[in-house]
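Remarks on the structure that follows.
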Amino acid sequence: MLITLTMVNIFILGAVVKDFYFPSYSSFARIRLGNFLQKMEGTISVSYAITCLIKSSVCLFVACKGISALFGLEDYGLITIQTGLIMTYLSFIVYDNTVEMQNWVSETYSYYAFPFQVIIPVIAWIFAEIKSRWRIFKEKSKKSGTRKRKNVSTGNMQSD
């Protein structure tokens with residue numbers, strides 16, 4: 001679907017597609033099929049709004065689940081409002097506008113992305129593997145430490 005939308009944007013806007021911050025909005029604004037189908041940018045605006053709502057909701061849900069797991073809370077719902085307010089506040093102070101955000105993404109984001117998308121998950125995976133294998137090792141050592149053997153003189157089973 002992303003490839004199709006990108007191709008539609010390129011076919012409609014041409015080489016200037018890279019000059020737009022929201023090329024889908026601009027390309028749908030240019031679509032006119034007679035007097036019947038015009039001003040399609042409203043549908044794209046609604047689509048953007050719904051997509052942003054879903055993306056923010058998933059981000060808030062995951063953040064609340066992670067924070068509740070980090071602090072050992074049983075119900076993540078207790079911190080949902082506070083986390084949502086913090087996310088909203090930070091969204092207003094991090095960037096003043098889309099141009100500033102786009103400049104940060106093009107100049108700085110790659111330095112932040114690699115550690116958070118590669119290095120930290122690999123380190124977390126390694127620690128999870130070590131923890132898992134350590135737990136399995138402890139379980140095996142408990143089982144092997146309480147072996148039963150047969151007493152030769154009485155014929156009864158004994159624990160070590």
Side-chain angles (χ1 to χ4, degrees), residues 1-140:
M1 184 164 160
L2 184 61
I3 294 172
T4 305
L5 189 58
T6 304
M7 295 303 291
V8 166
N9 290 337
I10 291 171
F11 290 150
I12 293 173
L13 298 175
V16 296
V17 73
K18 66 183 181 311
D19 296 335
F20 293 100
Y21 287 110
F22 300 103
S24 298
Y25 185 83
S26 300
S27 63
F28 273 76
R30 292 181 182 212
I31 294 176
R32 287 184 191 13
L33 296 175
N35 290 333
F36 174 68
L37 195 57
Q38 302 183 46
K39 306 208 185 255
M40 294 294 295
E41 64 267 16
T43 58
I44 287 294
S45 298
V46 171
S47 174
Y48 279 150
I50 291 171
T51 303
C52 287
L53 177 69
I54 291 170
K55 187 176 179 179
S56 299
S57 299
V58 170
C59 182
L60 178 63
F61 174 71
V62 171
C64 290
K65 291 289 273 188
I67 291 169
S68 66
L70 182 66
F71 292 111
L73 301 173
E74 293 179 12
D75 185 19
Y76 72 91
L78 300 172
I79 58 170
T80 304
I81 293 174
Q82 295 86 353
T83 308
L85 289 173
I86 290 171
M87 286 174 58
T88 304
Y89 177 71
L90 286 176
S91 72
F92 285 116
I93 65 170
V94 172
Y95 304 113
D96 289 332
N97 53 36
T98 306
V99 176
E100 185 180 336
M101 183 199 68
Q102 202 71 352
N103 288 337
W104 184 85
V105 167
S106 64
E107 296 169 3
T108 312
Y109 179 70
S110 60
Y111 301 114
Y112 285 94
F114 186 73
F116 285 105
Q117 293 178 358
V118 177
I119 295 173
I120 294 173
V122 167
I123 291 171
W125 177 47
I126 290 170
F127 278 120
E129 284 291 326
I130 291 170
K131 185 177 177 182
S132 173
R133 291 181 187 196
W134 181 254
R135 186 178 305 136
I136 292 170
F137 174 74
K138 284 175 63 176
E139 289 174 1
K140 285 184 178 179

Test item: Ser91 side-chain N/O and Thr88 main-chain N/O as donor-acceptor pair under 3.5 Å =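 Here the side-chain-to-backbone pair exists.
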
Leu53 backbone acceptor or donor facing Ser57 side chain under 3.5 Å =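 Yes; at least one donor-acceptor contact below 3.5 Å.
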
Nearest-0.5 Å distance, [atom1] of residue [X] to [atom2] of residue [Y]:
| X | Y | atom1 | atom2 | answer |
| --- | --- | --- | --- | --- |
| Ile86 | Ile81 | CD1 | CD1 | 12.0 Å |
| Ile79 | Leu85 | CD1 | CG | 12.5 Å |
| Tyr109 | Phe116 | OH | CZ | 10.0 Å |
| Met87 | Ser56 | CE | OG | 6.0 Å |
| Thr83 | Ile67 | OG1 | CD1 | 4.0 Å |
| Asn9 | Ser24 | CG | OG | 4.0 Å |

May I ask you to test the Met7-Phe11 pair for a side-chain heavy-atom distance under 4.5 Å?
->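 When only atoms from C-beta onward are counted, Phe11 and Met7 do touch, with a gap below 4.5 Å.
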
How close do Val17 and Pro23 get, heavy atom to heavy atom, and via which atoms?
->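 Taking every non-hydrogen atom into account, CG2-CB, 3.7 Å.
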
How close do Pro115 and Pro121 get, heavy atom to heavy atom, and via which atoms?
-> O-CD, 4.0 Å

Would you indicate whether Glu129, at its atom CD, is surrounded by more than 12 heavy atoms from other residues, nucleotides or ligands within a distance under 6.0 Å?
-> yes

Is the number of heavy atoms from other residues, nucleotides or ligands under 6.0 Å of Ile93 CD1 greater than 12?
-> yes

Keeping to residues at least two apart or across chains, list the ring pair (Phe, Tyr, Trp, His ring centres under 6.0 Å) pairs with something in residues 40-82.
-> Phe22-Tyr48, Phe61-Tyr76

Passing option when Val46 is tested against Ile50, Thr43, Ile44 for side chain to side chain contact (heavy atoms under 4.5 Å, CB included) | Ile50

